[in-house]
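In this text, all values refer to a predicted model and were calculated from it rather than measured experimentally. Here is how names work: the chains are called A, B, and so on, in the same order as the sequence lines, proteins then strands, and each is numbered from 1.
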Amino acid sequence: MAAPLLEVRNLRVEFPTRRGILTALDDVSFSIEPGEILGVVGESGAGKSMTGAAIIGLLEPPGRIARGEILLNGRRIDALPYAELRRIRGREIGAIFQDPLTTLNPLYSVGQQLVETMTTHLPITPDEARRRAIGWLEQVGIPAAAQRIDAYPHEFSGGMRQRVVIALALCAEPKLIVADEPTTALDVSIQAQVIALLKTLARDKGTAMMLITHDMGVIAETADRVAVMYAGRIAEIGPVRQVVLHARHPYSQGLMGSIPPLDRRVERLAQIDGSMPRLTAIPPGCAYNPRCPKVFGRCLGDRPDLMDAGPTQAACWLYDNV
Amino acid sequence: MFSFVVSRVLQAIPVMLVVAFISFAMFAYVGDPVSIMLGQDFTEAQRTALVHNLGLDRSFLVQFLTFVGNALQGEFGLSYRLGRPVAELIAERAPATLELAFCAAFIAIAIGVPMGVYTGLYRNSWLSRFFLTFSLIGVSLPTFLIGILLILVFAVNLGWLPSFGRGDVVSLGWWSTGFATATGWKALVLPAVTLGLFQLTLIMRLVRAEMLEVLRTDYIKFARARGLSNRAINFGHALKNTLVPVITVAGLQLGAIIAFAIVTETVFQWPGMGLLFIQSVGSADIPVMAAYLMLISAIFVTINLVVDLLYYAVDPRLRVGRRGH
Ligand SMILES: Nc1ncnc2c1ncn2[C@@H]1O[C@H](COP(=O)(O)OP(=O)(O)OP(=O)(O)O)[C@@H](O)[C@H]1O
Ligand code: SF4
Ligand SMILES: [Mg+2]
């Protein structure tokens, strides 16, 4: 098996606050192979965005990586000096944010933003960068790209802006894209198009992707593997078909609701009774134990780590000694 | 673009008319020019003749329109106090005020913007704290007190700089400049600092607040995620987005600098329009006061127009309908 492109090991992110240290992520470990699409799901506040931010080194202070490591092609990137980290961002790891209305600088034309990104990372002239910028706009499906390149973000619709953001994330040819809910802010009617575009481009360029979303349908159609997060930890991780159809962890089972066939579009995450505990009130033992229908004695005292549960790995005592 | 300018100029007309009306009203209600000009001894015939010459026997509307018509040609009549054409007096004094205001504005922007950027970027450094404390002084001390303190330290105690006047000036046609001589420059320092200090601290605080705001935005985060250099992010993406509010305030402050030069000019006996105005108030020299009021308003209106044009240049969102969809 090829070496993983990205490897996250025992990642722990903390926020020092006045009332003590908040642990936002704890013991998060996973890897992404070259060209692979990893879907990340979980309720709001589970730590999905936090994981993405830690990978691109954009945790908002005072948030910090307290333990663990992040490796890109075997090289540690979690403690790099700013100048080196900057050369990784955009060049080796691209990012796509949620709201295309706010991610583009309103005072720069889309061409300027593309050109500056490319000339920052690639040994090319501004003229060559501009030529490529038009090519990128064509690839992401902006009509009349050669004329639109000098237009400003406000002259594009939301969906078109997200296409521009995708072009920006890909233009320096990174090997990995972290896409944090790339379609949540878009009109429902164009979400599918944008996801399809993202998937096609990632497959064509062999770009791996960490795709954070709430939409199980998107996961089912796009991802190779899925990680389910709960209260700052990974509850289950495995091949998409297994997790969606035969989830092992009770939380994943709750998320997927009744077992849906892969070819039918699954809408929003099913509701589970109760709510995820806040970071300050995570119960001892398994964090899911107040809501878990299968809770038993051991769950109340010991915290389960990921363990093999057939084709997937689940952090649940039900699979101890399987 | 052209229609934009035209519409702004049209909007300025009513403003200027109101100011003209107020200036005009001063003639009618503040003091009595006839008795001021006639002095003690006069005959009724002399009086009637003067009233007729000044046009005071005509209807209110005709008088007002005549006033506006004259004002448009730069005609404000004779100064009661000095007996010379008001336009000439103002033209003589304008260079001093404009040079002072320009230097003060330059100091405020050239120092205030970098200080604002610095304090925005390095919020917790001791230098930022020092700048902020210093800016409190600039905001809270009244201008005349700052002027007097500066005179005390740099003119009286240290003897480095003059405490009053413009130094030697050189005439370039009708413009007299203090920029051409060493004494002229030296004389500028204290009044310009006094006049610019408040604006400097204001601009610094504004730039700082705007920087803090902009640095939190998604597009700055995204610019970081694209791996742009700190320099490109801080001085390109972030600073440019603070410009619109900064231009507004800097523009308004330039108007304020020219208007409030009155205090500084009085403290430093700076021979500008402000000092002329204060002297005119003392002797109820209405023509000079009226002309000054209208000139200052015209300057404010012009600055507003320039500010609007700058917005247009900085923010593409205002250039609507240029490319369409
Ligand atoms: N600046 C901060 N200080 C303290 N805690 C924070 C801070 N930012 C986020 N958190 C906490 O970290 C946790 C993870 O947040 P994160 O944004 O990663 O959630 P998410 O899974 O992306 O949720 P969503 O689906 O709503 O985007 C949340 O509980 C949140 O309250
Ligand atoms: S460990 Fe126990 S409480 Fe937690 S998910 Fe498994 S069964 Fe439920
Ligand atoms: Mg999120």
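- Ranked by non-hydrogen atom pairs under 4.5 Å with chain B, the options A:Ile88, A:Thr102, A:Val165 are led by A:Thr102.
- Residues of residues 170-179 of chain A lying within less than 4.5 angstrom of chain B, judged on heavy atoms, are absent.
- No part of A:Gln98 comes within reach of chain B, as not one of its non-hydrogen atoms sits under 4.5 angstrom from that chain.
- The greatest number of non-hydrogen atom pairs below 4.5 Å with chain B, out of A:Leu104, A:Leu85, A:Ile96, is found for A:Leu104.
- At least one side-chain heavy atom of B:Tyr292 sits less than 4.5 Å from a side-chain heavy atom of B:Ile262.
- A cation-pi geometry, defined here as NZ or CZ lying under 6.0 Å from the six-membered ring centre and within 45° of its normal, does not hold between A:Arg64 and A:Phe15.
- Of the residues considered (A:Arg91, A:Gln113, A:Arg87, A:Met160), A:Gln113 shows the highest number of contacts with chain B, using heavy-atom pairs under 4.5 Å.
- In this structure, the ring of B:His237 has its center less than 6.0 angstrom from the ring center of A:Tyr108.
- Residues A:Ala129 and A:Met118 share a closest heavy-atom pair of O-CE, 3.3 Å.
- Interface remark: B:Val314 contributes backbone and side-chain atoms alike to the contact with chain A (heavy atom separation under 4.5 Å).
- For A:Ile93, the part lying under 4.5 angstrom from a heavy atom of chain B is the backbone only.
- Closest approach of A:Ala223 and A:Gly39 over heavy atoms only: CB-N, 3.7 Å.
- Considering every non-hydrogen atom in both A:Pro100 and A:Gln162, the closest pair reads CB-OE1, 3.4 Å.
- Between A:Met229 and A:Val28 the shortest heavy-atom distance is CE-CG2, 4.2 Å.
- The heavy-atom pair separating B:Ala192 from B:Ala104 by the smallest distance is O-CB, 3.6 Å.
- Taking the six-membered ring where tryptophan is involved, the planes of B:Tyr118 and B:Tyr122 are tilted, since the angle between them lies from 30° to 60°.
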